[in-house]
Amino acid sequence: MADPKGFLKTPRRTWPRRPVEDRVRDWHEVYQGQALLPIIGAQADRCMDCGIPFCHDACPLGNLIPEWNDLVSRGDWEAASHRLHATNNFPEFTGRLCPAPCESGCVLAINADPVTIKNVEVAIADDAWRHGYVPPRPPERMSGRTVAVIGSGPAGLACAQQLTRAGHTVTVYERADRLGGLLRYGIPEFKMEKHHLDRRLGQMRAEGTKFRTGSDVGGAVDAARLRQRYDAVVIAIGAHAWRELPVGGRELTGIHQAMEYLTLANRVCDGDMADSPISADGKDVVIVGGGDTGADCLGTVLRQRAASVVQLDINPRPGEDRAEHEPWPIHPKVYRVSPAHEEALELALAAGEDLARRGVPLPTREGDVRMFCASTLQFEGDARGQVSSLHLTEVEDRGRAPRPGTERVIPAQLVLLALGFDGVERDGGLIGGLGVRVGERGTIARDADFATDADGVFVAGDAGRGQSLIVWAIAEGRSAAAAVDRHLMGGTELPAPISPTTRPLVV
């Protein structure tokens, strides 16, 4: 390490965010920019080079974090890029979107603030693009084997890039009109501007990967015939079967699934339409669900100029510190404030009197627009069948039993359901056409080599693992690529960072 006392001399410092009043007026990323390399170098200098880097195990990709921290602290950004890309196909994605379990596993996190690994990662990636350190890497020779990858999310793209670089002819099939899956239509622009995605897709095209958009395998594209055309098929369709909320009034107009809403908002940013048909403009909005997708909806709602917004979380408010049952190096469930929550709080405080007059819940005593331990009882609508309010109750921390006397009604002309997913979509002919089996968890069954019951058909990403993080999707794609290469060639030199049964660090 460059400075043995760096972690003692330099406090943790993350990238500053743009002022709330500025960033809610546009769709650009919330951070002030990435021309802060002196800050990043000093933060990388805090890495202890601890000898047993638990950040490796906390990250499913096995990123070589101490190595590229040391290179950044010494100013060798090109070498840092090589070490970063050795384990991660898309660090500009993970550096923006991953919740950074690697930082929870940092040895400094035992009793101090961890290294800003995520900030260093994305700084390396962006610097590499600026200076041309990530040119296309087409294969030196072709294998003569063909592979179809169904789905262009992070798992499908990572798998396709690895197999293309190994010399196989790879075609990615995407049913949407643009590539990227949830990276394109599920992640708001203010979290990751889509030019980062387009730039990486350009690299993949230059390497030889072929793409087919508007190709619904199992629909317009016959799945059985597709299997016959290729030596191997990889299913990377994600886990898009969203969960429902079976309460009274669900049929009312104005209640939508989060992914319906976010997709339309992203299409507006892409220029497909001037305004979204599902807009929060001037409405009281309630988001049901306390996870990352709910926070994505929150930031989007604010940029659409909602009159108010409340986010309901059925879980209790997490503590500020690690619980005893979640010791280091586990990624703990602690109280976190996303940029969207920061924005919502500031705007709610500015409109406090008006919100109270209209019956909108004000931020809690902890300073949060989220309502914890809150469960939806039913929706109520007006004479036109439009949702107008939501009935809720507080629930007990354990067992989620309603607390008597806590029922209340809050205004809502738009309700967004962000309740997670229950596995793969089963409509259409993909499952039956490829001859694969869906297991009890709603995911496609596979063995220890990512292979399904159908010969030559493999599964990568959320379709096999279930709803997970982008970093796990990339790790799945890389590992499935190694399994496919081994199936086609009898052996492989491609890395496989995880197995299908690998799970995050838990007690």
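No donor-acceptor contact under 3.5 angstrom links the side chains of H56 and N63, judged on distance only. A donor-acceptor contact closer than 3.5 angstrom links the side chains of T94 and N88. A donor atom on one side chain and an acceptor atom on the other are not found under 3.5 Å apart for H331 and E103. For N89 and Q161, the side-chain atoms include at least one donor-acceptor pair closer than 3.5 Å. Side chain to side chain, S499 and T502 meet the donor-acceptor criterion of an N or O pair below 3.5 Å. Side-chain atoms of Q467 and D422 form no donor-acceptor pair, as typed in the model, at a separation below 3.5 Å.
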Dump the intermediate steps for side chain to side chain contact (heavy atoms under 4.5 Å, CB included) on M259 and W242, then the final yes or no. CA-CA 8 Å; M259 294 314 303; W242 51 55; 4.0 Å; yes

Evaluate the side chain to side chain donor-acceptor pair (under 3.5 Å) criterion for residues Y31 and R18: first the C-alpha distance (whole Å), next the side-chain angles of each, then the deciding distance (0.1 Å), finally the verdict. CA-CA 5 Å; Y31 295 96; R18 295 190 290 137; over 6 Å; no

| task | Report the C-alpha distance between L197 and L157 in whole Å, list the side-chain angles of each, state the deciding distance to 0.1 Å, and finish with yes or no for side chain to side chain contact (heavy atoms under 4.5 Å, CB included). | result | CA-CA 11 Å; L197 173 60; L157 292 179; 4.2 Å; yes

* To do: For side chain to side chain contact (heavy atoms under 4.5 Å, CB included), just list the numbers for V234 and V484, CA-CA rounded to whole Å, side-chain angles, deciding distance to a tenth of an Å, and then say yes or no.
  => CA-CA 8 Å; V234 180; V484 172; 3.7 Å; yes

- CA sep, side-chain torsions, deciding dist, call: T116, T14, side chain to side chain donor-acceptor pair (under 3.5 Å): CA-CA 7 Å; T116 57; T14 58; over 6 Å; no

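Atoms CG and OG, on L494 and S479 in that order, are 10.0 Å from each other to the nearest 0.5 Å. For the atom pair CD of Q162 and CD1 of I474, the computed distance is 10.5 Å after rounding to the nearest 0.5 Å. L61 contributes atom CG, which lies 10.0 Å from atom SG of C102 (distance to the nearest 0.5 angstrom). Note that CD1 of I278 is 12.0 Å distant from OG1 of T300, once rounded to the nearest 0.5 Å. Between the CH2 atom in W129 and the NE2 atom in H195 there is a gap of 12.0 Å [rounded to 0.5 Å]. Of the inter-residue distances, the one linking R83 atom CZ with D70 atom CG reads 11.5 Å to the nearest 0.5 angstrom.
Of the charged side-chain nitrogens involved, none lies within less than 4.0 Å of a carboxylate oxygen, so that R23 and D26 do not count as a salt-bridged pair. In summary, R212 and E174 do not engage in a salt bridge, as defined by a charged side-chain N under 4.0 Å from a carboxylate O. With respect to the salt-bridge test (charged N to carboxylate O, under 4.0 angstrom), the residues K333 and E326 do not qualify. A salt bridge links R96 with E29; the closest basic N to acidic carboxylate O contact falls under 4.0 Å. Note on R184 versus D198: salt bridge recorded, some NZ/NE/NH1/NH2 to OD/OE distance being below 4.0 Å. Between K194 and E189, at least one side-chain N (NZ, or NE/NH1/NH2) sits under 4.0 Å from a carboxylate O, which counts as a salt bridge. By the 4.0 Å N-to-carboxylate-O rule, D45 lies too far from R74 to be salt-bridged with it. Salt-bridge annotation for E207 and R137: absent, with no side-chain N of the basic residue lying under 4.0 Å from a carboxylate O of the acidic one. Contact check on R446 versus E476 returns a salt bridge, with a Lys/Arg side-chain nitrogen under 4.0 Å from an Asp/Glu carboxylate oxygen.
Here the side chain of R229 pairs no donor or acceptor atom with the backbone of R225 at under 3.5 angstrom. Proximity of a side-chain donor or acceptor of T146 to a complementary backbone N or O of T169 within less than 3.5 Å is not detected. In this structure, the side chain of R486 does not engage the main chain of T492 through any donor-acceptor pair within 3.5 Å.
Nearest heavy atoms, R465 versus R441: O-NH1, 3.2 Å.
Inter-residue side-chain proximity for S81 and V134 is flagged as met; some heavy-atom pair is nearer than 4.5 Å. Two residues are said to be in side-chain contact when any heavy atoms from C-beta on lie closer than 4.5 Å; P497 and P60 fail this criterion. No side-chain heavy atom of R175 sits less than 4.5 Å from a side-chain heavy atom of I237. Side-chain atoms of D3 and S73, non-hydrogen and from C-beta on, never get closer than 4.5 Å to each other. Taking 4.5 Å as the limit, some side-chain heavy atom of H85 sits within range of a side-chain heavy atom of P91.
Between H487 and F458, the distance separating the two ring centers is shorter than 6.0 angstrom.
Under the side chain to side chain contact (heavy atoms under 4.5 Å, CB included) rule, V309 has a single partner from L416, L347, I287, which is I287.
Within a 6.0 Å sphere centred on CZ of R13, heavy atoms belonging to other residues, nucleotides or ligands number 12 at most.
With sequence neighbours excluded, the residues forming a ring-ring contact (aromatic ring centres under 6.0 Å, His included) with W328 are F54, listed by chain and number.
Cation-pi geometry between R267 and Y185 is met: under 6.0 angstrom from the ring centre, within 45 degrees of the axis.
Using cut-offs of 30° and 60° for the angle between ring planes, the Y230 and Y173 rings count as perpendicular.
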